Amino acid sequence: MKITEASLAKREKPKNIKKYDEWLFCKEFEKEFISVELSKLSNCYFSPNGSFLTRWFTRVPGYFNTGLTLKGSIVHGMKDIVSLAKTRRLIKLNNAIIVTNANSTNFFHWFFDVLPKLECIADPVFGFADFIVFVPSNHAAPYIYETLSAFGVQCFFQKDDEFVFFENCTVFPELAPTGNYIKSLIEKQRLRLIKFFRRKMDFNKAPKRVYITRKSAKYRRLTNEVLIFPVLKEYGFIIVDMDAMPFLDQVKLMFDADLLVSLHGAGLSHMLWMKSGGDVFEIRSKGDSHNNCYYSLSSDLGLNYWYSFANKLGNKSVQVSDHELDLENFLDVLKKIMSKI
């Protein structure tokens with residue numbers, strides 16, 4: 001069954017784009033997507049460790065879409081053996097549909113790799129009413145349970161001691177490469193989630209300007225961000241650490257915000273709760289032309305995207321390294337945004 005047609009995404013350029021910075025974003029200005037079809041598998045297994053296995057107990061091709069190094073494969077294989085030793089029940093599940101991937105325990109990937117698939121499943125036109133969405137045991141974060149409730153789909157939640165056997169199952173492939181989105185689905189998803197969570201909370205006192213700090217993150221922190229806190233407070237920002245807040249409080253905080261600022265990281269996913277026409281200001285690693293997922297998301301959600309740079313510290317990757325904010329660049333861009341608002 002075909003789920004999406006081939007399409008072309010066109011994005012608005014960053015609001016403060018400079019000619020010599022266009023190379024950082026140009027691959028995302030226009031993006032072609034191929035059509036996507038469901039696939040059927042038989043005699044497959046899902047281990048409590050999150051491994052999706054064929055009848056020969058090899059990993060299902062494509063599920064580990066980022067690939068594993070030799071060391072990673074060995075470590076994951078050892079964890080599979082340990083999880084098998086802890087297994088107490090074999091569950092047979094038919095008419096199941098697999099929507100997760102190897103990365104979807106991560107906040108960003110859950111929201112933008114998995115939830116668009118659920119938007120398709122919830123659409124009566126595709127005829128998925130009798131299907132059961134399989135949720136692996138390692139997908140146990142509160143935000144996963146909270147957001148699943150918004151889609152009204154049947155779910156099977158694997159337990160830590162259950163080895164699940166699928167005589168037949170349907171596998172939902174990735175609708176777009178990670179960091180890209182089918183705009184129509186993202187818009188529907190956003191409206192669905194806003195409507196669902198608005199009924200559950202009072203948002204009358206939500207702040208309008210939010211800065212998300214990564215100070216308690218394990219990696220990719222801004223070492224000198226305290227230097228901008230006085231300026232942010234002067235402009236009326238609330239400074240928050242999302243890692244220290246329950247998910248529902250995070251949602252409540254972001255409802256109707258008109259300006260979100262943060263270093264590249266999952267906190268920027270919360271632009272999903274903002275109204276179209278708002279502003280997103282991402283602090284990016286200088287020279288990084290790869291991590292454009294929040295630029296693309298801003299455009300697809302109808303938000304104005306702004307950027308400034310931070311310098312990577314040390315020899316580790318952009319995703320892991322701490323960064324030092326370019327203060328002059330940051331303050332210059334912030335001033336431009338505030339004059340616009």
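The residues of the chain are indexed from 1 along the displayed sequence. Everything numeric here is computed off the predicted structure, so don't read it as measured data.
Using a cutoff of 4.0 Å between basic side-chain nitrogens and carboxylate oxygens, E174 and K117 are scored as salt-bridged. We find that R221 and D322 are joined by a salt bridge, their nearest charged nitrogen and carboxylate oxygen being less than 4.0 Å apart. A salt bridge is absent between K188 and E119: the closest approach of a Lys/Arg side-chain nitrogen to an acidic carboxylate oxygen does not fall below 4.0 angstrom.
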Checklist entry - So D279 and K340, salt bridge (charged side-chain N to carboxylate O under 4.0 Å, His left out) or not? Walk me through it. => result CA-CA 10 Å; D279 295 273; K340 165 190 169 293; 3.2 Å; yes

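Side-chain contact annotation: S276 with R190, donor-acceptor N/O pair under 3.5 Å present. R11 and N292 share no donor-acceptor pair across their side chains, judged by distance under 3.5 Å alone. S137 and E162 form no side-chain donor-acceptor contact under 3.5 Å, judged by distance and modelled atom types alone. A donor and an acceptor atom, one from each side chain of T223 and H323, are nowhere located under 3.5 Å apart.
Around the CZ atom of F126, the shell of radius 6.0 Å holds more than 12 heavy atoms that belong to other residues, nucleotides or ligands. The environment of I34 atom CD1 is sparse: at most 12 non-hydrogen atoms of other residues, nucleotides or ligands sit within 6.0 angstrom. By the 6.0 Å contact criterion, CD on E234 is open, its count of non-hydrogen atoms from other residues, nucleotides or ligands being 12 or less.
Contact of the F309 side chain with the L325 side chain is not registered, since no non-hydrogen atoms from C-beta on lie closer than 4.5 Å. A 4.5 Å side-chain heavy-atom check between K40 and N168 finds every atom pair outside the cut-off. Annotation: side chain of W110 is in contact with side chain of I144 (closest heavy-atom distance under 4.5 Å). Residues P116 and I182 fail the side-chain proximity criterion, which asks for heavy atoms closer than 4.5 Å.
Aromatic rings of F281 and F330 (six-membered ring for Trp) have centroids within the 6.0 Å cut-off, being under it. Checked against the 6.0 Å centroid threshold, F134 and F46 count as a close aromatic pair. Side-chain rings of F196 and F151 stay apart, their centers remaining 6.0 Å or farther from each other.
Side-chain atoms of S262 never come within 3.5 Å of backbone atoms of Y211 as a donor-acceptor pair (strictly under, hydrogens ignored).
Cation-pi geometry between K13 and F29 is met: the NZ or CZ atom falls under 6.0 Å from the ring centre, inside 45° of the normal.
Put simply, CD1 on I283 and CZ on R220 are 12.0 Å apart, with the number rounded to the nearest 0.5 Å. Rounding to the nearest 0.5 Å places OH of Y235 at 10.0 Å from CD1 of I337.
With respect to F52, the side chain to side chain contact (heavy atoms under 4.5 Å, CB included) criterion is satisfied by exactly one of T100, N101, L41: L41.
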